[in-house]
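One structure is given below, encoded as structure tokens.
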Amino acid sequence: MPSPGPVITRFAPSPTGHLHIGGARSALFCWAFAQRAEMEHRARGGTAGGGGRFMIRIEDTDQARSSEESARGILEDLAWLGIEWDDGPRLDYEPFAQAKDGPAPPTLARGARRTIGAEARDVGSYFQAQRAAAGIYNAYIESLVKAGRAYPAFETPEQTEAMRREFVARKQTFKYPRPADVLPGVFNEARWARARKGDRHVVRFLMDADAVVVHDQVLGDVRIAPGEVDDFVIRKADGFPTYHFAVVIDDELMGVTHVLRAQEHLANTPRHVAMQRALTRLDTGEPFRHPVYAHMPLIFNMDGTKMSKRDKAKTARKAVKDAIAKDRSITVATLAPALGVAEKDLAGFIAADNDSIDIAAALAGRLNVNLPEIEVYDFRRNGYLPEAIINFIALLGWNPGMKLDDGKDLEKFDRDFLARHFAIDRIGKTNAKFDRAKLLSFNSDYIGKLSDAEFAARWRAFLAEYEPEALAALFRSPGGHAGATGIDRFALLASTIKPRAKTLRDGLTAARFALVADGGYEFDPKAMDKLRAGNGVDLLGQARQRLAGLGAPDWAPATVHTLLEQLARQLGLPEGNAGVGQLAQPLRVAVTGTAVSPGIAETLAILGRESTLTRIDRCLAAAAV
RNA sequence: GGCCCCAUCGUCUAGCCUGGUCUAGGACGCUAGGUUCUCAUCCUAGAAACUGGGGUUCGAAUCCCCAUGGGGUCACCA
């Protein structure tokens with residue numbers, strides 16, 4: 001039996017921004033599908049790369065909107081998620097979140113540089129703009145024109161638009177009317193000559209008259225009646241191929257066997273199938289193949305709207321409007337300079353004339369609001385773990401359909417599991433809503449599952465990347481005093497933060513007490529009232545005296561705890577933790593200003609002797625007023 | 001509007017293909033308890049769904065039809 005060749009899947013983003021979370025899922029499924037094929041191939045003793053390959057292709061045919069930075073950003077986002085491609089653009093990068101335990105200076109210790117992707121299969125560039133420059137598409141355009149399956153059209157965009165409006169006015173669906181001189185299967189020499197002369201034109205595909213059936217692995221056969229699809233543009237006036245055309249050419253030339261993509265592309269697929277029927281390879285003379293199609297359900301916001309980066313602008317716009325309404329001193333004139341943007345731009349943003357994400361981000365920082373995460377990068381900088389995101393998005397429109405021993409559904413799994421078990425027949429058909437609450441739950445679960453050392457390393461790497469000042473502050477003893485010797489304050493802090501952090505970022509909230517200076521926090525009035533009401537002040541004084549007797553070198557959770565236990569006993573408080581608890585609350589208020597903190601012994605140990613005593617004294621003074 | 005796709009708790013979903021084992025299971029969220037020095041973690045319990053109507057069948061969440069609802073798509077964007 002001839003070897004069937006590898007399964008080849010592809011993810012083909014257009015580089016016009018960061019990687020959208022929905023795109024990440026498409027990439028993940030394509031990756032998993034190829035991975036599984038490769039694994040099974042190797043299990044049968046096959047050679048590496050011969051069973052399944054995952055490819056990235058950059059669809060940068062939109063000259064105006066594409067950028068190299070976006071392309072790189074998307075590749076980095078994929079790398080961060082751990083979705084690595086076998087074929088595609090080369091990415092040299094420094095692995096993320098690899099900071100390990102190290103000496104005090106809070107620098108981000110990057111791992112060794114890595115490279116993903118290589119132009120290994122000799123299929124040319126993975127950038128469509130470069131492929132266009134190499135003449136790949138034009139050669140096929142010409143072959144189609146010569147075969148009478150495509151033709152130049154000379155209407156200007158304005159003319160086409162006018163035609164469209166006429167149709168709409170008559171309540172008809174616009175379909176480009178094929179010119180009378182264009183005949184199927186007949187090379188229109190006159191038009192071609194005029195085009196070659198340099199007249200501005202587009203090239204349209206001459207749609208065939210037969211029905212098109214898309215055999216979709218998820219949705220089943222989808223039949224489109226003849227005449228439903230008009231003669232669409234395959235080459236723009238600027239000489240670049242349209243998406244539809246470039247996709248069909250490249251998928252064939254790059255040997256793509258399986259196309260897994262979002263359902264929004266389903267309606268485009270008949271065009272692709274029709275072109276595949278009409279095209280013949282220029283190198284081998286073989287007809288184009290039809291890849292296997294699988295369209296997956298879409299992902300929406302909880303309110304049913306599309307998840308788009310404009311949501312960020314919307315959120316920021318609402319926030320700034322609220323702020324202006326609430327506080328008269330806030331105006332466009334005062335805000336703009338503070339944000340570092342032009343007044344005109346800010347006014348335009350508020351008026352919804354523009355949706356600048358830069359302004360949205362500046363506003364969010366200024367007004368202290370959280371923008372919705374839409375792109376992978378947003379999740380990353382807000383402290384989500386890639387494994388949580390992978391797991392969560394894998395469940396949007398797919399599930400393994402397996403039960404755990406206790407009868408519950410298996411829903412927590414990693415990339416490797418997905419690679420082993422992913423199958424198209426378990427892709428669902430119904431659109432999903434992106435439930436951030438569940439993602440958050442997944443994220444805190446994954447944080448909880450990390451060992452203390454791992455969490456400390458990853459939290460530290462995260463802070464080094466996105467909150468370097470906070471990290472630096474955590475490495476300083478709050479009051480500038482020498483920290484306890486013999487304990488790693490950061491590790492201790494991290495271990496107490498871990499169960500309290502739903503994201504790496506919000507771990508900072510729980511760590512606030514360790515971040516502020518000894519005199520840098522307010523005492524919560526309610527907590528202070530409570531302190532004064534009972535015998536809190538007295539207990540606090542007693543505790544202070546006792547703690548003062550504990551030398552800085554002994555300042556560790558266990559010793560502090562023992563000391564408090566002993567004190568509780570001496571004061572005739574209830575046995576065990578209940579007694580410690582009566583001491584804990586006043587102490588907690590004293591050293592954090594609030595009634596909430598990690599365990600009191602850990603809290604005090606993290607603060608160290610000098611800070612603790614300083615803070616207690618400050619509280620005692622405040623309570624006496 | 002034309003064409004196409006879809007339809008189980010608030011949300012993600014299992015079950016549907018191969019009708020009975022479904023008084024429809026799990027997870028998140030929610031509610032109520034419990035553990036704990038506060039908070040968080042953790043544990044237990046509870047409320048919560050087969051869109052509607054016809055049909056097929058001894059029997060339908062599961063098969064068929066219609067209605068309704070939701071979505072996608074109709075660019076010289078991808």
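Note that the structure is predicted; figures quoted are calculated from it, not measured. The sequence lines fix the lettering, A, B, ..., with proteins before strands; numbering per chain opens at 1. Computed from heavy atoms alone, side chains included, the values below leave out hydrogens, waters and symmetry copies.
Minimum interatomic distance between Gln585(A) and Arg588(A) (heavy atoms only, all atoms of both residues): OE1-NE, 2.9 Å.
With C3(B), U73(B), G26(B) as the choices, the nucleotide that has an atom nearest any side-chain atom of Asn268(A) turns out to be U73(B). Side-chain atoms of Glu264(A) lie closest to U73(B) of the nucleotides C3(B), U73(B), U11(B). Considering only the side chain of Glu228(A), G2(B) comes nearest among C12(B), C4(B), G2(B). You'll find that the side chain of Lys429(A) is closest to C6(B), out of C12(B), C77(B), C6(B). Considering only side-chain atoms of Asp435(A), the nucleotide from G71(B), G10(B), C6(B) that sits closest is G10(B). The side chain of Leu298(A) lies closest to G72(B), out of C4(B), G72(B), A75(B). You'll find that the side chain of Ile224(A) is closest to C3(B), out of U41(B), C3(B), C28(B). Taking only side-chain atoms of Thr173(A), from C-beta outward, the nucleotide of C74(B), G29(B), C39(B) with the closest atom is C74(B). Closest approach to the Thr430(A) side chain among A7(B), C12(B), U38(B) is made by A7(B) (side chain taken as heavy atoms from C-beta onward). Of the candidate nucleotides G15(B), C76(B), U13(B), C76(B) has the atom nearest to the side chain of Thr160(A).
Counting any heavy atom pair closer than 4.0 Å across all strands shown, Leu396(A) reaches sugar-phosphate atoms only and no base atom. Within the nucleic acid shown, Pro598(A) comes within 4.0 Å of at least one base atom, counting heavy atoms only. When heavy atoms are screened at a 4.0 angstrom cut-off, Ala237(A) is found touching base atoms of the nucleic acid. Backbone-only engagement by Thr61(A) is indicated by non-hydrogen atom pairs under 4.0 Å involving sugar-phosphate atoms exclusively. Among the protein residues, Ala437(A) comes within range of the sugar-phosphate backbone only, with heavy atoms under 4.0 Å from sugar or phosphate atoms but none that close to a base. Residue His295(A) is out of contact with every strand shown, counting any heavy-atom pair closer than 4.0 Å. Residue Gly397(A) is classed as a sugar-phosphate contact, given heavy-atom separations below 4.0 Å to backbone atoms only. Among the atoms of the strands shown, base atoms are found under 4.0 Å from some heavy atom of Val202(A). Residue Glu155(A) is in base contact, counting any heavy-atom pair closer than 4.0 Å across all strands shown.
Judged by distance alone with a 3.5 Å cut-off, a donor-acceptor contact links the side chain of Asp409(A) to the base of G25(B). Taking only distance into account, the side chain of Lys408(A) never meets the base of A27(B) through a donor-acceptor pair shorter than 3.5 Å. Scanning atom types as modelled, no donor and acceptor separated by under 3.5 angstrom connect the side chain of Arg164(A) and the base of C74(B).
Within 6.0 Å of NZ in Lys175(A) there are more than 12 heavy atoms belonging to other residues, nucleotides or ligands.
Checking the phosphate oxygens (OP1, OP2) of G15(B), a side-chain nitrogen or oxygen of Arg426(A) falls inside 4.0 Å. Of the side-chain N and O atoms in Lys171(A), none sit less than 4.0 angstrom from OP1 or OP2 of G1(B). Regarding contacts with the backbone of C39(B), every side-chain N or O of Lys502(A) stays at 4.0 angstrom or more from both OP1 and OP2. Distances shorter than 4.0 Å separate some side-chain N or O of Asn399(A) from OP1 or OP2 on A14(B). Distances shorter than 4.0 Å separate none of the side-chain N or O atoms of Lys438(A) from OP1 or OP2 on U13(B). At C76(B), one or more side-chain N or O atoms of Arg204(A) fall inside 4.0 Å of OP1 or OP2 (strictly under the cut-off). A sub-4.0 Å separation between OP1 or OP2 of U41(B) and a side-chain N or O of Ser444(A) is absent.
Across the strands present, A32(B) finds its partner in U44(B); the criterion is a Watson-Crick or G-U wobble pair with both atom distances under 3.5 angstrom. Nucleotide U73(B): paired with G2(B) (Watson-Crick or G-U wobble, both distances less than 3.5 Å). Pair assignment for A7(B): U68(B), on the basis of Watson-Crick or G-U wobble contacts that are both within less than 3.5 Å. With both pairing distances under 3.5 Å, C17(B) is matched to nothing as a Watson-Crick or G-U wobble pair.
Mapping Arg223(A) and Ala584(A) onto RNA chain B by nearest heavy atom places Arg223(A) at the nucleotide closer to the 5' end. Of the two residues contacting RNA chain B, namely Leu439(A) and Gly599(A), the nearest-nucleotide position lying further toward the 5' end is that of Leu439(A).
In this structure, Lys433(A) atom NZ and U11(B) atom P are separated by 5 Å, rounded to whole Å. If you measure from atom CG of Asn443(A) to atom P of G29(B), you get 13 Å, rounded to the nearest angstrom. Across the protein-nucleic acid pair, Glu411(A) atom CD and C28(B) atom C1' stand 8 Å apart, rounded to whole Å. Asn431(A) has its CG atom 13 Å from the P atom of U11(B), to the nearest Å. At whole-Å resolution of the value, CG in Leu440(A) and C1' in A40(B) are 13 Å apart. Between the P atom of A7(B) and the CZ atom of Phe300(A) lies a distance of 14 Å, rounded to the nearest Å. When the C1' atom of C30(B) is taken as reference, atom CE of Met302(A) falls 12 Å away, rounded to whole Å. Here the P atom of nucleotide G26(B) and the NZ atom of Lys412(A) are 16 Å apart, to the nearest Å.
At least one test fails for Lys438(A) against the ring of Phe392(A): distance under 6.0 Å to the centre or angle within 45° of the axis. Relative to the six-membered ring of Phe167(A), Arg170(A) meets both conditions, a distance below 6.0 Å and an angle of at most 45° to the axis. Both the sub-6.0 Å distance and the 45° axial angle are not jointly satisfied by Arg235(A) relative to the ring of Phe245(A).
Using a 4.5 Å heavy-atom threshold, the side chains of Lys306(A) and Leu298(A) count as separate.
In summary, Arg65(A) and Asp62(A) engage in a salt bridge, as defined by a charged side-chain N under 4.0 Å from a carboxylate O. By the 4.0 Å N-to-carboxylate-O rule, Arg164(A) lies too far from Glu166(A) to be salt-bridged with it. Ion pairing between Arg165(A) and Glu161(A) holds under the 4.0 Å rule for side-chain N and carboxylate O.
Annotation: C66(B) and A47(B) have their C1' atoms spaced 35 Å apart (nearest Å). Look at the C1' atom in both A60(B) and U21(B): the space between them is 15 Å, to the nearest Å. Here the separation of U23(B) from G70(B), taken at their C1' atoms, is 31 Å to the nearest Å. Taking atom P in both U31(B) and G19(B), the straight-line distance is 42 Å, to the nearest Å. Annotation: C22(B) and A49(B) have their C1' atoms spaced 13 Å apart (nearest Å). Rounded to whole Å, the separation between the P atoms of A24(B) and C50(B) comes to 11 Å. As rounded to the nearest Å, A45(B) and C4(B) have P atoms that lie 49 Å from one another. Taking atom C1' in both G69(B) and G53(B), the straight-line distance is 14 Å, to the nearest Å.
The aromatic rings of Phe422(A) and Phe29(A) sit tilted, their planes meeting at an angle between 30° and 60°.
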